[in-house]
Asker: 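Would you mind keeping the following structure in view while I ask a few things?
Atoms considered below: every heavy atom in the structure, side chains included; atoms not considered: hydrogens, waters and symmetry mates. Quantities reported herein were computed from a predicted structural model and do not represent experimental measurements.
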Amino acid sequence: MGVRGLQGFVGSTCPHICTVVNFKELAEHHRSKHPGCTPTIVVDAMCCLRYWYTPESWICGGQWREYFSALRDFVKTFTAVGIRLIFFFDGTVEQDKRDEWVKRRLKNNREISRIFHYIKSHKEQPGRNMFFIPSGLAIFTRFALKSLGQETLCSLQEADYEVASYGLQNNCLGILGEDTDYLIYDTCPYFSISELCLDSLDTVMLCREKLCESLDISLADLPLLACLLGNDIIPEGMFESFRYKCLSSYTSVKENFDKKGNIILAVADHISKVLRLHQGEKKLEEMLPLGPNKALFYKGVASYLLPGQKSPWFFQKPKGLITLDKEVGSTSSAPESKQGVPMCTDPESKQGVPLCTDPDSKQGIPMCTDAESKQGVPMCTDPESKQGVPMWTNPESKQGVPVCTDPESKQGVPVSTDPDSKQAVPVCMDPGSKEGFLLCTHPESKQGVPMCTHPEFKQGDPVCTHPESTQGDPVCTYPESKQGVPMYAYSEYRQGVPMCTYSESKQGVPMYTHTEFKQKSPLGADPEFKLEAPVCTNPGMKQEDLVNMEPEIKQQVTMVSDPEILKIARAHHVRAESYLVYNIMSSGEIECSNTLEDALDQALPSQAFVYRPVRQRVYSLLLGGGEDGASTCPTVKEWFVYSGNPLRHPDLVRPLQMNIPGGTPNLKLLWLNQDAGIQARRLDALLGCFDLSSSREELQAVENPFKALCCLLTYLFVQVDTLCLEDLHAFIAQALCLQGKPTVQLVDLQKIQGDGILPNKTNITLIPNPDK
């Protein structure tokens, strides 16, 4: 987690940046400085799980009451000194960090393998040095904190980014966690959870200002340093040779420091003494060996910039300057080419205008300087306005064509004069035929779209030029997306049908729109095997360049089209009231981390497979299978850890049709309806997910707290045929709370005899965790 090598560097090389502080004193100082503002600490809950989890018997899940008591003491201690706590939990894995997520999961697999090897050899639990967080602990912790009256939030993006943003925007006392990324963010102070003494409320504050002072860099340089060292986005090996190059030229190597410490000092020295000399003059790719990783590197640096923050390392194009030579034939020195350019005097403005020489006529042609490319563009004089108009030279005819400047893209567009309106109409040049096509301006994207005259309607219709055939195809605009989609003209009906271009073949395929879900699929697709339909991308819409730090505008494509349902699911997700539901409905991609499963035990299947049918029915319920069942639902991408899965690609899992009396209810009915009988429908939906609708009457006779348990155990013993009666007794013993039960109900309970800790029993105890 965090920046590679920085944690060890801080502890061994720069211990002076760590200062012992007291939360009670900090809270009092905060209240005096900000009257009426409650001191608030943002807690990175995922970093704190190891600190909170103290039970000794952790291998089989530990003692829930003991863990809950530790959480209660933690909250009570801070509340007693007037400090408010806000707990953040991870809510998603961003695509940029998927590779790092996979790398950690495979590493955890090796750790779990060693745990089971120890159990098989010693028949006892390993020591705390081999501790592994029990399955489902993070999910259970959310609800435990909620029951203690605490505010818990679940992230919609990288959790540490949301933690840092919240701390900065809400003037918080600080961040409590264990992640060196918090040393990089320019946000509120960062406190270590591992150094916290709960009795005295003393801990260690890691000061980023002192870190910068030790490295002779500024706060704005820290994101650059983090990416050059490697983090969750930038692989450590990407700049390995660059770091050693810095180390070889570093003249202040400390003999008493370790190698990683000297590397960090050398990279920081390179930033302060080499890169800073050209800051604002050269782009980073001109000073660093970015190669094909330029976009990823800039994205890594930008990931540390909180709302409203900018980086001085993102190159800002200098304004063009015109300088006159003292000779009679004046010249302008272009900043890029460093060569003199002849100039003439404009009779209207009395200002110098650069000239270029026409190779055919040998005559000077006035030029204007393109603000973006910094290159000269020939000009012609408009006879009406007497103003110079930029020209574009046709490579075939060698003739100049007037150009107008697009106010949005700032680029010149060839124009022709409409004989009827006498107005200039934009023209694009067909690279195949070298002929010009009239352009119309798209009202949403502000971009020119080629036009053709439809033979039936005699009207100009937008067209899309195929990259391979260079022929224009009519375009239709979808009212939902406001994007142009190429159309295929059927001669029978004389109607245009939208087309989708496959990236592999570059060919257009006619598409149809499903009337219910408004999802576009290729014509001729197998209706029984509907994987995700290809998405047709408008070639005119480009991503913003990360170098320019413009906000990237993305059209969010969700699995569920109902905005009201999505809004509700999102709110539940943010408030940490649900698990994975919003991820399924928004992106259709979910993940499950490691569980304590013995990869060598073939008798028990992985929980990923045991509960897959349940998840498949949940997918059908969330994604709206309706009367057509799950056949109309898209597939869901599952990143689940299980034995033999290298996690190179997600598993594509199709929803299963639910068997519910009266049909599958929709989400609006289950979530928004408050009628008296809706609770019965919700129970039907729960039983339908486990395919236990036929057991409804038997489950009705069970007390409410045990309905879910009985439902789960019944499902398990149907799915896993290797479970025995002894296993059932163990499961029930885990769930039952004997305190408060009358003696009459306890007479027939038998004492379960134990044979020490066995690997297969450890496996079994982890199975009843459907949240995973």
Side-chain angles (χ1 to χ4, degrees), residues 1-2 17-54 66-91 137-138 140-155 159-183 185-210 306 574-577:
M1 296 173 65
I17 78 167
C18 302
T19 306
V20 177
V21 295
N22 182 269
F23 276 126
K24 183 177 180 180
E25 295 175 0
L26 291 175
E28 292 173 354
H29 176 71
H30 189 275
R31 273 189 289 265
S32 63
K33 190 176 179 180
H34 306 281
C37 180
T38 302
T40 301
I41 292 178
V42 193
V43 182
D44 187 337
M46 302 302 291
C47 294
C48 299
L49 292 179
R50 289 178 179 269
Y51 178 87
W52 292 329
Y53 192 89
T54 56
E66 185 180 354
Y67 180 64
F68 186 83
S69 176
L71 290 176
R72 183 174 54 223
D73 292 343
F74 182 87
V75 170
K76 184 179 179 181
T77 303
F78 281 93
T79 305
V81 295
I83 295 178
R84 173 177 170 239
L85 300 175
I86 302 290
F87 296 89
F88 271 84
F89 290 83
D90 287 341
L137 187 65
F140 303 142
T141 303
R142 297 185 193 182
F143 297 103
L145 290 170
K146 282 185 176 297
S147 68
L148 293 170
Q150 297 303 294
E151 185 174 354
T152 58
L153 299 174
C154 190
S155 69
D160 56 10
Y161 182 88
E162 292 197 13
V163 168
S165 298
Y166 188 95
L168 177 66
Q169 295 174 342
N170 294 275
N171 193 28
C172 291
L173 182 64
I175 295 169
L176 186 60
E178 204 67 37
D179 191 334
T180 49
D181 276 334
Y182 294 128
L183 264 176
Y185 288 110
D186 188 4
T187 182
C188 57
Y190 163 43
F191 306 105
S192 170
I193 180 63
S194 64
E195 300 293 334
L196 174 64
C197 176
L198 196 60
D199 293 334
S200 63
L201 280 180
D202 288 338
T203 190
V204 167
M205 179 180 73
L206 292 88
C207 181
R208 57 184 69 92
E209 286 80 10
K210 290 184 179 179
L306 303 179
V574 171
R575 295 195 299 264
E577 295 172 350

Asker: Kindly list each side-chain donor-acceptor pair under 3.5 angstrom involving residues 67-81, sequence neighbours excluded, with atom names and distances?
Answerer:
from, atom 1, to, atom 2, distance (Å)
Y67, OH, T141, OG1, 2.7
T77, OG1, D73, O, 2.7
T79, OG1, V75, O, 2.8

Asker: Can you name the nearest heavy-atom pair linking G82 to T38, along with the distance?
Answerer: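 That would be O-CG2, 3.9 Å.
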Asker: Nearest 0.5 angstrom please: L183 CG to E209 CD, how far?
Answerer: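 So the CG of L183 and the CD of E209 are separated by 10.0 Å.
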Asker: Can you name the one residue among L173, I175, L168, T40 that meets side chain to side chain contact (heavy atoms under 4.5 Å, CB included) with C188?
Answerer: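 Exactly one candidate clears the test, I175.
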Asker: Looking only at heavy atoms, what is the nearest atom pair of V43 and C48, with distance?
Answerer: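 Here V43 and C48 meet closest at CG1-SG, 3.6 Å.
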Asker: Find the distance between CG (L206) and OG1 (T19) and round it off to the nearest 0.5 Å.
Answerer: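 The CG atom of L206 sits 8.5 Å away from the OG1 atom of T19.
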Asker: In the structure I gave you, are the side-chain heavy atoms of D44 and F88 within less than 4.5 Å of one another anywhere?
Answerer: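 Side chain of D44 against side chain of F88, heavy atoms only: no contact under 4.5 Å found.
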Asker: Give me the atom names and distance for the closest heavy-atom approach of R31 to C37.
Answerer: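 Shortest heavy-atom contact: CG-O, 4.1 Å.
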Asker: I would like to know whether L198 and Y51 meet side chain to side chain contact (heavy atoms under 4.5 Å, CB included); could you show each step before the answer?
Answerer: CA-CA 11 Å; L198 196 60; Y51 178 87; 3.7 Å; yes
Asker: Measure the spacing between CD1 of I41 and CZ of R84 and express it to the nearest 0.5 Å.
Answerer: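 Rounded to the nearest 0.5 Å, the CD1-CZ separation comes to 11.5 Å.
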Asker: If every non-hydrogen atom of V204 is compared with every non-hydrogen atom of C18, which pair is closest and at what distance?
Answerer: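 The answer is CG1-CB, 3.5 Å.
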Asker: Heavy atoms, side chains only, cut-off 4.5 Å: are V574 and C154 in contact?
Answerer: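 Side-chain contact under 4.5 Å: no.
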Asker: Using a 3.5 Å cut-off and no angle test, enumerate the donor-acceptor pairs between side-chain atoms of residues 22-30 and protein atoms at least two apart in sequence or in another chain.
Answerer:
from, atom 1, to, atom 2, distance (Å)
N22, OD1, K24, N, 3.0
N22, OD1, E25, N, 3.1
N22, ND2, S200, O, 2.8
N22, ND2, D202, OD1, 2.7
H30, NE2, N171, O, 3.3

Asker: Let me confirm one number: the CG-OG1 distance from N170 to T187, rounded to the nearest 0.5 Å.
Answerer: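 With rounding to 0.5 Å, CG (N170) is 10.0 Å from OG1 (T187).
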Asker: Any donor and acceptor pair, going by atom type alone, linking the side chain of E178 with main-chain N or O of I193 inside 3.5 Å?
Answerer: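 Side chain of E178 to backbone of I193: a pair is present.
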Asker: Using the side chain to side chain donor-acceptor pair (under 3.5 Å) rule, take S155 and E162 through it: C-alpha gap first, then chi angles, then the decisive distance, then the call.
Answerer: CA-CA 7 Å; S155 69; E162 292 197 13; 4.8 Å; no
Asker: Grab the two heavy atoms, one from C47 and one from D179, that are nearest each other, plus how far apart they are.
Answerer: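 Looks like SG-CB, 4.3 Å.
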Asker: To the nearest 0.5 Å, what is the distance between CG (L85) and CG (L145)?
Answerer: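 Those atoms lie 9.0 Å apart.
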Asker: Checking K146 side chain against E577 main chain: does a donor-acceptor pair fall under 3.5 Å?
Answerer: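 A pair under 3.5 Å: no.
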Asker: For G2 and T180, work out which heavy atoms get closest and say how close.
Answerer: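 Smallest heavy-atom distance, with atoms named: CA-OG1, 3.4 Å.
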Asker: Spell out, as yes or no, whether a donor-acceptor pair under 3.5 Å connects the side chain of R142 to the backbone of F87.
Answerer: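 Not at all, since once roles are kept as given, no pair shorter than 3.5 Å links the two residues.
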Asker: Please report the interatomic distance CZ(F89) to CG(L49), rounded to the nearest 0.5 Å.
Answerer: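 Reported value, rounded in 0.5 Å steps: 7.0 Å.
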Asker: Kindly say whether F191 contributes a backbone atom to a donor-acceptor pair with the side chain of Y182 at under 3.5 angstrom?
Answerer: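 Between the backbone of F191 and the side chain of Y182 there is no qualifying donor-acceptor contact (under 3.5 Å).
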